[in-house]
2 protein chains.
Amino acid sequence: MRSQKVAAEDVDQKLFSTFSELGYDGASMEILAKATGLSKASLYHRFPDGKKQMAEHVLTNAAEFLQENLVKTATDRSIKPEIRLQKALGILDQVYEGGSLNCLLRTLSVGTDAENFKSYIMKCFDLIAKGFAAIAIDMGIDAKTAKTRSKDVNLLVQGSLVLSGVTHDRSYFKNTLAKIPGYLTA
Amino acid sequence: MRSQKVAAEDVDQKLFSTFSELGYDGASMEILAKATGLSKASLYHRFPDGKKQMAEHVLTNAAEFLQENLVKTATDRSIKPEIRLQKALGILDQVYEGGSLNCLLRTLSVGTDAENFKSYIMKCFDLIAKGFAAIAIDMGIDAKTAKTRSKDVNLLVQGSLVLSGVTHDRSYFKNTLAKIPGYLTA
DNA sequence: GTCTATAGCTAGATAGAC
DNA sequence: GTCTATCTAGCTATAGAC
């Protein structure tokens, strides 16, 4: 039985979850190979520039996902803003697997090569803020307030994920998501 | 000129800042040796169980510092609670170097051996929450509300440190500290 | 496109001199 | 208590067969 080509989406998903869990330095090539079901050599075939390229790839994927899902939904004026808000929160819940997964944006922000990744990470934070700001504005919040509060959404979500990760208690994350609508439109 | 014994407090400080900046996996023994000004062998002389012991040591130090400074101040009823609150925020500002330093509690929560460190990390979060809860209660907030909001202090501070770290913009942290008094006693 | 095997290096950790 | 030198294991990365 010849080896089958492993689907790129499956590899991407495994790279995402492994970097999220272990961070850049903690995710060794050996671990990444086992997680994806590929050999190290096959990973280098797909990512000639190695681990750094893999991390940049998953961060680029994350930005695309946020643009195509969160931002697209959040700016779709054919939907009522209240519904968009719920959908946007649902997307965050999905991305962070209900608070059970460390946030890739945070785990890749510390350690070797972290500085190289920060522009990608900021892009993702900006997309999330952009989405929530659009919703808030359409709910009648003035633009300046909407911008401030949508940035705070990132702050609250990241803080809750730190605490959920350390305590293994997802309620920090769940409660934070639940409080966002009230906070955004207070 | 013989080699002088390096002061333990200086070593501790360097271990703290290096683990804070690079995380557990990113802080290699080579880097830790250079940061402390000791050889790797000398570090092993002081910490026979190696890097893991060093990380546990700095976390234990952090808990002692929080107890002896933040908690002690926060529970000192000879001081007006409003003053205690400002002192407690000053201590957080000092610990995190105005938002310029990654938080040790966060950087050690990801990567190899992270699970072993989480009990130490939780202890530190509990001490911070304990301090702010005591202050809030003495400012007239009921115990249950005080407990919830003091936990949120950790959430807000951690979230702001993630964003300040990624963007190199300390205002997330500074603004968060400034907002805590209003939030705690709203 | 996949793999095994391995190069070359750096990691954590240790031995033993001073 | 400090150091240099070194060990072994694991690391990133590559070579070359299929």
Side-chain angles (χ1 to χ4, degrees), chain A residues 1-16 18-59 61 107-108 110-117, chain B residues 1-59 61 104 107-108 110-117:
Chain A
M1 195 196 286
R2 278 178 64 250
S3 298
Q4 298 277 338
K5 171 165 180 176
V6 179
E9 310 86 64
D10 294 342
V11 171
D12 291 349
Q13 172 57 36
K14 290 295 187 181
L15 294 179
F16 173 84
T18 306
F19 278 126
S20 295
E21 183 188 351
L22 299 175
Y24 186 74
D25 295 310
S28 70
M29 290 299 301
E30 187 76 35
I31 290 172
L32 292 167
K34 284 198 174 135
T36 56
L38 290 169
S39 67
K40 287 188 280 182
S42 293
L43 277 177
Y44 275 101
H45 178 78
R46 298 183 183 216
F47 303 97
D49 291 338
K51 199 163 85 160
K52 188 176 171 181
Q53 187 183 0
M54 297 177 208
E56 289 170 349
H57 179 72
V58 294
L59 284 169
N61 281 353
T107 62
L108 289 185
V110 174
T112 309
D113 289 328
E115 286 306 318
N116 301 121
F117 301 143
Chain B
M1 196 194 288
R2 278 178 65 249
S3 297
Q4 297 278 337
K5 172 166 177 176
V6 179
E9 310 85 65
D10 294 341
V11 171
D12 291 349
Q13 172 59 36
K14 290 295 186 181
L15 294 179
F16 173 85
S17 59
T18 306
F19 278 126
S20 295
E21 182 187 351
L22 299 174
Y24 186 74
D25 295 309
S28 69
M29 289 299 301
E30 187 76 33
I31 291 172
L32 292 168
K34 284 194 175 142
T36 55
L38 290 171
S39 67
K40 286 190 282 181
S42 293
L43 278 177
Y44 275 100
H45 178 77
R46 298 184 182 215
F47 303 98
D49 291 338
K51 198 161 86 160
K52 188 176 171 182
Q53 188 183 1
M54 297 177 208
E56 289 169 348
H57 178 71
V58 294
L59 285 169
N61 281 352
L104 179 80
T107 62
L108 289 184
V110 174
T112 310
D113 290 327
E115 286 305 320
N116 300 120
F117 301 142

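Reckoned from all heavy atoms, side chains included, excluding hydrogens, waters and symmetry mates. None of the values given here were measured: they were computed from a predicted structure. So that the names make sense, note that chain A is the first sequence line, chain B the second, and so on, each numbered from 1.
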> For Tyr24(A) and dA11(C), what is the distance between atoms OH and P respectively, to the nearest whole Å?
Replying inline: 14 Å
> What nucleotide, of dA13(C), dC3(D), dT12(D), holds the atom closest to the side chain of Ser42(B)?
Replying inline: dC3(D)
>> Rounding to an integer number of Å, can you tell me how far Leu22(A) CG sits from dG10(D) P?
In response: 16 Å
> Of the candidate nucleotides dT2(D), dC11(D), dG1(C), which contains the atom at the shortest distance from the side chain of His45(B)?
Replying inline: dT2(D)
> Of Ala41(A) and Ile31(A), whose nearest nucleotide on DNA chain D comes first from the 5' end?
Replying inline: Ile31(A)
> Which pairs pass side-chain hydrogen bond (donor to acceptor under 3.5 Å, both in side chains) with one or both residues in residues 9-18 of chain B, sequence neighbours excluded?
Replying inline: Asp12(B)-His57(B), Asp12(B)-Asn61(B)
> Can any side-chain N or O of Lys51(B) pair as donor or acceptor with the backbone N or O of Tyr24(B) at less than 3.5 Å?
Replying inline: yes
> Atom CZ of Phe47(A) and atom C1' of dT12(D): how far apart are they, to the nearest Å?
Replying inline: 16 Å
> Separation of Met29(A) atom CE from dT14(D) atom C1', in whole Å?
Replying inline: 11 Å
>> Looking at Phe19(A), is its backbone amide N or carbonyl O close enough to the side chain of Thr107(A) to form a donor-acceptor pair, meaning the two atoms are under 3.5 Å apart?
In response: yes
> Side chain of Arg46(B): nearest nucleotide among dC3(C), dG12(C), dG1(D)?
Replying inline: dG1(D)
>> From CD of Glu30(B) over to C1' of dC3(D), roughly how many Å is that when rounded to an integer?
In response: 14 Å
> What nucleotide, of dG1(D), dC3(D), dT12(D), holds the atom closest to the side chain of Lys40(A)?
Replying inline: dT12(D)
>> From NZ of Lys5(A) over to C1' of dC3(C), roughly how many Å is that when rounded to an integer?
In response: 16 Å
>> I want to verify a distance call: between dT2(C), dT14(C), dT12(D), whose nearest atom is closest to the Tyr44(B) side chain?
In response: dT14(C)
> How many Å lie between NZ on Lys51(A) and P on dT10(C), as a whole number?
Replying inline: 15 Å
> Do side-chain atoms of Thr36(A) reach the backbone of Leu15(A) as a donor and acceptor pair under 3.5 angstrom?
Replying inline: no
> Does Ser39(B) place a side-chain N or O at less than 4.0 Å from the phosphate oxygens OP1/OP2 of dT2(D)?
Replying inline: no
> Which heavy atom in Ala33(B) sits nearest to a heavy atom in Ser39(B), and how many Å separate them?
Replying inline: CB-C, 4.0 Å
>> Nearest whole Å is fine: how far is dA13(C) P from Leu43(B) CG?
In response: 11 Å
